[in-house]
Each structure stands twice: as C-alpha cells, then as structure tokens.
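We number each residue from 1, following the sequence as shown.
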Amino acid sequence: MSQKNLLVELFVEELPPKALKKLGESFSSTLFDTLKTQGLTAEGSVTTSFASPRRLAAHISVVASQAADKQISQKLMPVSVGLDAGGNATPALIKRLNGMGLDESAVAQLTRQMDGKNEALFLDVTQKGAALQEGLQKAIEEAIQKLPIPKVMTYQLSDGWSSVNFVRPAHGLVALHGSDVVAISALGLSAGNQTQGHRFEAANPTVTIKDADSYAQQLETEGAVIAGFAERRAEIERQLNAAAAGQNLKPIEDDALLDEVTALVERPNVLLGQFEEIYLEVPQECLILTMKANQKYFPLLDANGKLTNKFLIVSNINPADPSAVIGGNERVVRPRLADAKFFFDQDRKKSLESRITSLDKVVYHNKLGSQGQRTERVTAIAIAIGKQLGGVDLAAKSGLAAQLAKTDLITDMVGEFPELQGIMGRYYAQHEGLDNDVAFAIEDHYKPRFAGDDLPRNAVGITVALADKLETLVGLFSIGEKPTGDKDPFALRRQALGIIRMLIENKLPLPFAALIKNVLSAFEQQTADSTATIAAIKDFCFDRLSVNLRENGATPQEVDAVLSLDPALLSEIPQRLTAVRTFAELAEAPALAAANKRVSNILKKAEGEVQAQVNASLLQEPAEIALNAALSKVKPEADTLFENGDYTASLKALAALKAPVDDFFDHVMVNADNPALKANRLGLLATLHQAMNRVADLSKLAS
C-alpha cells in the first residue's frame with residue numbers, strides 16, 4: 001500500500017467570478033472529506049485548494065493507493081429470530097449466512113450483543129479497504145454534486161448525443177497519484193495528466209503535469225497561470241499597492257472587488273489609466289461606483305481620501321507595450337463617466353421639492369399605497385418624534401428631511417445606480433442650499449443599513465431614520481407581512497435592529513410601546529386588534545434585542561433578567577445589564593436570587609392580588625420583624641438610587657437583605673392558620689419582591 005500526494009483538476013470554460021472562491025473551496029474540501037471517510041488519507045494529510053477562471057483543483061498530501069482493511073461487527077438479526085429454543089440456527093439465520101457466502105458452521109463465530117432493549121446476533125467480518133480508483137471516483141462525483149453552483153447549464157458532449165448539467169462546459173480532467181494517472185471519469189471526460197495554460201500567454205498551449213507536486217509550479221512557468229486563488233489575490237494586491245505608491249496615491253479598499261478581479265484573471269498585470277479631470281465635478285461616489293461595478297477598476301485616492309482622475313486596471317495579459325490595453329480601457333470608461341456627468345447635470349435642473357408629487361406614481365406596497373403616501377406617513381412620524389426629542393426646531397427640520405428623503409429615487413442618477421439612493425439626495429440638497437442637517441439626514445436615513453454600520457450623524461438623521469424604519473416595520477406587521485423562519489423579504493429583522501440600536505446608543509427617552517402605538521395611528525387601515533399588533537411588534541423587536549445582547553457578551557440569564565421586566569425605555573438596558581452583571585458577582589447574589597425565585601412562586605400561588613403592604617402590629621416572629629426592619633432601611637435607599645439612574649448601586653444595596661431573608665425562610669411559616677397573619681406575611685414578601693425587582697427580575701439568575 002503506497003502513499004503519495006494526489007492532484008485532481010477539472011478544467012472548464014470561464015467560471016462565474018463571484019462564485020469562484022466558494023466553488024474552489026467546496027471542490028477541494030468535499031474531495032478531501034470523501035477520501036478521508038473511505039480511509040484513503042492519513043492523519044497528517046493536508047488539502048490545498050486551487051481555483052482560477054478556468055479550473056478547479058485540489059492537492060491532497062499523503063493519500064494511500066489502497067485503504068487499510070478494517071474489522072466491523074455486522075448485525076444479522078435478533079437472537080429470538082436467529083436461534084430456536086434449543087439454541088440452534090433457524091432457517092432464517094442459515095439463509096442470511098448463505099447470502100453472505102457462509103455455511104452453517106459460521107454460527108459458532110456469532111456473538112450476542114445488546115441492541116437497544118433486545119439481544120441480537122453479530123458477525124465480526126473483515127471489510128476490505130477501498131482502492132484509490134474507486135474511492136476517488138466516488139469523491140469526484142460527490143464533489144461535483146455538492147458544488148454551490150449559482151446556475152446550472154446543460155451542454156452536449158462530443159459524441160453528439162449525450163448531455164450533462166454543470167456550471168460551465170468541462171474540457172479536461174487531471175488525476176495524478178504521484179506521477180501515476182488515476183483512471184477516473186467525470187462529466188464525460190477521462191482523467192489524464194494534461195491541462196491547458198493561459199489562453200494567450202502560455203509557452204505551450206498544453207501543459208503535461210509531471211506529478212502531483214509540480215502542478216502549481218508548472219502552471220506558473222509553462223502555463224503562465226497562478227493557480228491558487230489566495231496567491232493570485234495577494235499578487236494583485238501587491239501590484240495595486242506598488243502602482244499606487246508610484247503615484248503617491250492609494251487604491252480604494254474593496255475586498256469584494258478584489259475577490260472578483262482575482263476570479264477574472266489567471267496572470268494579473270496591473271496598469272495605470274486616467275480620465276479627464278472635468279469628470280471630477282461629479283460626486284466621487286458616482287464615479288467610484290461606475291468604475292468598480294461596470295469596469296472592475298480600482299479608483300485611486302489622494303492622502304485625504306479624495307478621488308483623483310487616475311485608476312488601476314487589472315489586466316489578464318502582459319504585453320511588451322501596454323499602451324493599447326491602457327488606451328482601450330480609457331476609451332471604455334469615458335462614456336460611463338460622461339453618462340454620470342450628464343445625469344448629475346440633468347438632475348440638478350429640478351429641485352427635490354418639485355419631485356415630491358412624482359412619488360405618488362411609485363408603488364410602495366399594494367396594501368400600503370404609493371411612495372408618496374408612505375412619505376406623508378414618515379413625515380408625520382418624524383415631526384412627532386422630533387417634537388419629543390428636540391422641540392419645534394428639530395420637528396421642522398425632520399419633517400422637511402423626511403419629505404425629501406425619497407425624492408432622489410426618481411432622479412436619473414439613482415435610476416442608473418440604485419446604490420446611490422440617499423447619497424445623491426444629500427448632494428442635490430446641498431446644491432439647493434438646504435441646511436446641512438437636512439441634507440445629511442437625507443443620506444443617513446437609510447442607516448444603519450447592516451450590522452455594524454454607522455448610525456446617522458445628527459439628530460435630524462436619527463429622527464428621520466427612526467421614523468422611516470418604524471413606518472416600515474409597523475406598516476408591514478399591520479398587514480400581516482411578518483418574517484417567517486429564515487424568510488424575511490422586507491428585511492424587517494434588520495429594520496428592528498436599526499431601531500433598537502438608535503434608541504439604545506443615542507440614549508433616546510422614547511417609551512417603546514408608546515412609540516409603536518403612535519406610529520400605528522399614522523396608518524389609515526387600522527387592524528382589527530391594534531393591541532395584538534403592538535404586542536407582536538414588541539415581541540419581535542425584543543427577540544432581536546435578546547439575540548443581539550447575547551452576541552455582544554451578555555449571558556442568557558442576564559438578558560432574561562432584564563428583558564422580562566419589559567423596560568419601557570430601551571436606552572436603560574445597557575445600564576441594567578451592567579448592574580445585573582455586577583450584582584451577580586456579589587457573594588450574596590446566589591442566595592438572594594434563589595430567595596427571589598421562591599418569593600415569586602409563593603406570590604403566584606397566593607389567592608387574589610397581594611398588596612405590598614405590612615401592618616407592623618401583626619408581626620410576631622423575630623425573623624419577620626427583622627426582615628421588615630431591614631426592608632424599611634434598605635428599600636428607600638435602593639429606590640432612591642434607582643430613581644437617580646444608579647442601577648448598579650441600587651442592586652448592591654440589596655446585599656444587606658441576605659441574612660434577614662435567609663432567617664425569615666428558616667423560621668417563619670408564611671401560610672399561617674390565622675388569615676390575618678398569612679396576609680400580612682404575604683404583604684411583607686410582596687414588599688421584598690418589589691424592592692428586589694425594579695432593575696431586573698433577579699429570580700432569573702437562580703440556578
């Protein structure tokens with residue numbers, strides 16, 4: 001049984017660039033996993049993935065030509081079926097053995113083992129290890145089947161009759177165990193040791209691979225191809241930085257673009273291009289977007305992050321005179337930039353205000369009306385929130401920003417580049433001389449657009465962003481458009497998290513339930529049960545909040561303790577969590593949490609509503625007198641600290657109650673025979689419960 005390194009390559013037509021990285025990783029990992037499952041790899045085997053525009057390949061070290069045999073215990077049948085009362089083999093058992101090529105003498109080799117609740121007959125057999133040819137055949141078929149192909153195409157094979165389904169037509173298959181070809185087949189191809197190099201730059205069109213280990217080196221020297229995705233990406237990045245440094249500039253950072261360009265070229269060659277400076281009059285976001293999205297160029301920025309009229313091209317060829325390549329790219333990009341300038345000039349001929357009426361023609365949702373109607377609702381909500389947060393001035397600015405926030409959707413520039421919505425609105429607002437608070441709010445009202453994104457930069461932006469997201473969330477919930485499972489077509493989870501972040505991180509004094517109720521009133525079509533809609537939205541948002549808090553380090557117990565009290569102001573939650581975490585570190589915390597849980601259970605079982613009142617004249621036992629005295633001292637102190645917002649100190653003050661609470665439960669019978677005594681003791685516990693659960697439900701911390 002020999003062990004050598006293995007190389008498998010599938011040579012195809014140009015693969016979809018945005019999927020190439022995942023395709024390469026999937027191909028190599030599935031090959032490795034399938035071979036490992038069959039026992040053909042060693043403990044120290046390592047897989048190396050290769051992926052270029054025209055190939056998927058994997059190099060796997062220390063692969064055996066034959067897997068080792070292994071002993072397995074094969075279950076035959078229950079003892080009650082295989083043996084009669086005298087312990088002799090039944091016809092059923094003999095038939096089973098004969099089917100395995102064994103005779104009745106094999107009965108003596110059988111063992112009895114428990115199989116669940118019943119005893120079964122097992123036969124120890126030697127399973128022959130898989131040969132590399134059959135193991136690799138299985139692995140290549142599984143690797144092809146499991147590829148995350150974005151879209152499958154059907155093509156005809158060379159015989160003119162057969163057809164296969166794959167991401168792109170395949171033209172070659174290489175399978176080498178050391179220098180030996182492994183006779184496998186896939187997609188109508190038989191494995192060999194020859195592949196193709198670069199379409200134009202290869203020294204020879206066909207590259208004959210000597211052995212598995214020379215694959216990458218031969219492709220680079222003979223085929224002019226850097227086969228490894230990571231190596232090619234690093235080379236592109238190196239050339240980009242070197243070319244930019246030569247101009248005292250820096251290339252724009254964009255990992256997705258770098259990955260895409262890596263998937264488009266086999267032999268990267270970075271070249272410098274430029275365009276006329278007149279186009280720099282257009283907002284740089286427009287120019288950057290058109291260069292990146294349409295041409296896959298890397299715009300160059302100066303030290304201040306301002307766009308220059310130079311850009312970098314990642315070419316797939318390396319001619320002695322690159323001027324033709326550079327000139328061709330400059331000619332291609334010029335009309336794109338000219339279009340952007342034309343759109344920008346045309347859009348500025350109409351004010352944003354004049355576009356408001358056009359929003360009535362844009363459908364938002366068939367049950368919620370047009371973008372014009374939506375804008376009216378968002379404006380009303382923004383004005384109401386603005387009044388609460390900053391009075392008449394903030395309300396006026398927020399109302400204007402909300403009214404204009406969606407008008408850039410019907411500009412030519414946003415029509416061509418939807419990614420620029422909000423950004424272009426800000427530029428057009430500044431061009432018209434509108435207040436910068438309003439202009440930046442138009443851009444920022446989409447924020448946060450994703451997890452970790454910045455929040456709006458000013459109070460007007462926060463107000464309009466809140467109004468916009470609340471209108472979306474409440475409106476869609478009101479018509480039953482709720483996320484289900486992993487389906488969230490309107491990104492309501494993202495909207496909810498954005499609302500939560502703005503309320504918490506900006507410490508906004510807006511009671512959450514009242515906020516939802518006020519937003520719901522802005523809709524003409526009220527649901528039959530507005531209370532249920534408000535409750536559903538609250539539950540949905542608190543669920544997102546709970547997940548977010550846990551992802552940021554809070555324990556499930558801490559989160560439950562704080563959220564179970566349904567705090568009106570989400571802005572208080574971080575302070576409450578900090579207080580709970582500090583309290584949990586106190587030596588008295590476990591006992592107090594357990595006692596609080598016990599108190600909660602006692603009060604739940606009590607008949608009727610228990611008032612947090614104590615008649616001192618009815619206190620008899622020393623332990624209940626001591627607890628009441630301790631509460632009379634601790635509760636006012638904890639309450640004062642709570643009202644002042646010092647939640648940590650408020651909870652710390654409760655530590656003094658541990659001893660009297662323990663003593664109470666050790667010596668006092670709550671459910672006394674005397675109804676008056678029982679009611680008074682329940683009132684004492686209700687007072688204790690009230691004192692302990694203002695910041696959080698401490699019973700949730702009990703183990």
Side-chain angles (χ1 to χ4, degrees), residues 6-35 47-60 136-176 182 184-200 202 205-207 209 215-216 219 223 225-233 236 255-268 293 296 314 316:
L6 177 72
L7 184 283
V8 180
E9 183 207 65
L10 194 58
F11 182 75
V12 297
E13 292 183 14
E14 276 73 7
L15 292 159
K18 291 185 178 178
L20 180 64
K21 189 177 181 183
K22 287 185 178 179
L23 290 172
E25 291 168 351
S26 172
F27 184 75
S28 59
S29 63
T30 306
L31 274 176
F32 180 81
D33 292 343
T34 311
L35 292 173
T47 181
T48 303
S49 173
F50 299 100
S52 82
R54 299 198 296 157
R55 72 200 74 238
L56 300 174
H59 178 277
I60 304 172
L136 185 55
Q137 183 64 50
K138 180 180 178 181
I140 189 74
E141 290 172 0
E142 196 156 330
I144 289 172
Q145 183 185 358
K146 290 186 175 180
L147 281 177
I149 298 173
K151 193 173 183 181
V152 174
M153 67 178 292
T154 301
Y155 62 93
Q156 208 170 48
L157 297 180
S158 57
D159 62 14
W161 295 96
S162 310
S163 63
V164 294
N165 297 322
F166 195 52
V167 58
R168 292 290 186 271
H171 296 296
L173 178 63
V174 174
L176 290 174
V182 185
I184 62 169
S185 61
L187 303 173
L189 302 166
S190 296
N193 63 353
Q194 292 187 330
T195 187
Q196 303 295 309
H198 194 287
R199 285 188 188 275
F200 313 110
T206 301
V207 180
I209 308 300
Y215 173 75
L219 268 182
V225 171
I226 301 176
F229 189 94
E231 291 79 5
R232 206 163 57 255
R233 189 183 194 273
I236 293 172
D255 285 342
L257 177 62
L258 189 53
D259 281 344
E260 189 174 359
V261 170
T262 303
L264 286 168
V265 299
E266 291 185 311
R267 187 187 188 187
K296 314 305 175 191
V314 182
N316 193 33

If you count every heavy atom of other residues, nucleotides or ligands that lies below 6.0 Å from K296 atom NZ, does the total exceed 12? yes
Could you tell me whether the side chain of [Y] reaches within less than 4.5 Å of the side chain of [X], counting heavy atoms only?
X    : Y    : answer
F11  : V174 : no
V225 : R55  : yes
H59  : F50  : yes
R54  : E14  : yes
V12  : L56  : no
Y155 : V164 : yes

Can you tell me how far [atom2] of [Y] sits from [atom1] of [X], rounded to the nearest 0.5 angstrom?
X    : Y    : atom1 : atom2 : answer
L136 : I60  : CG    : CD1   : 8.0 Å
T262 : F229 : OG1   : CZ    : 4.5 Å
Y215 : L6   : OH    : CG    : 12.5 Å
Q194 : L173 : CD    : CG    : 13.0 Å
L258 : R232 : CG    : CZ    : 11.0 Å
K146 : T30  : NZ    : OG1   : 6.0 Å

Can you name the nearest heavy-atom pair linking [X] to [Y], along with the distance?
X    : Y    : answer
L187 : N165 : CD2-O, 4.4 Å
S185 : I140 : O-CG2, 4.1 Å
L189 : G172 : CD1-N, 3.4 Å
S52  : E266 : OG-OE2, 3.2 Å
D259 : K21  : OD2-NZ, 4.0 Å
H198 : F200 : ND1-N, 3.0 Å

Under the 3.5 angstrom rule, does the side chain of [X] hit a backbone N or O of [Y] as a donor-acceptor pair?
X    : Y    : result
R168 : M153 : no
S29  : E25  : yes
N316 : R267 : yes
S49  : G24  : yes

In sequence, state the C-alpha distance, the side-chain angles, and the governing distance for D255 and R233, and then conclude on side chain to side chain contact (heavy atoms under 4.5 Å, CB included). CA-CA 10 Å; D255 285 342; R233 189 183 194 273; 3.4 Å; yes
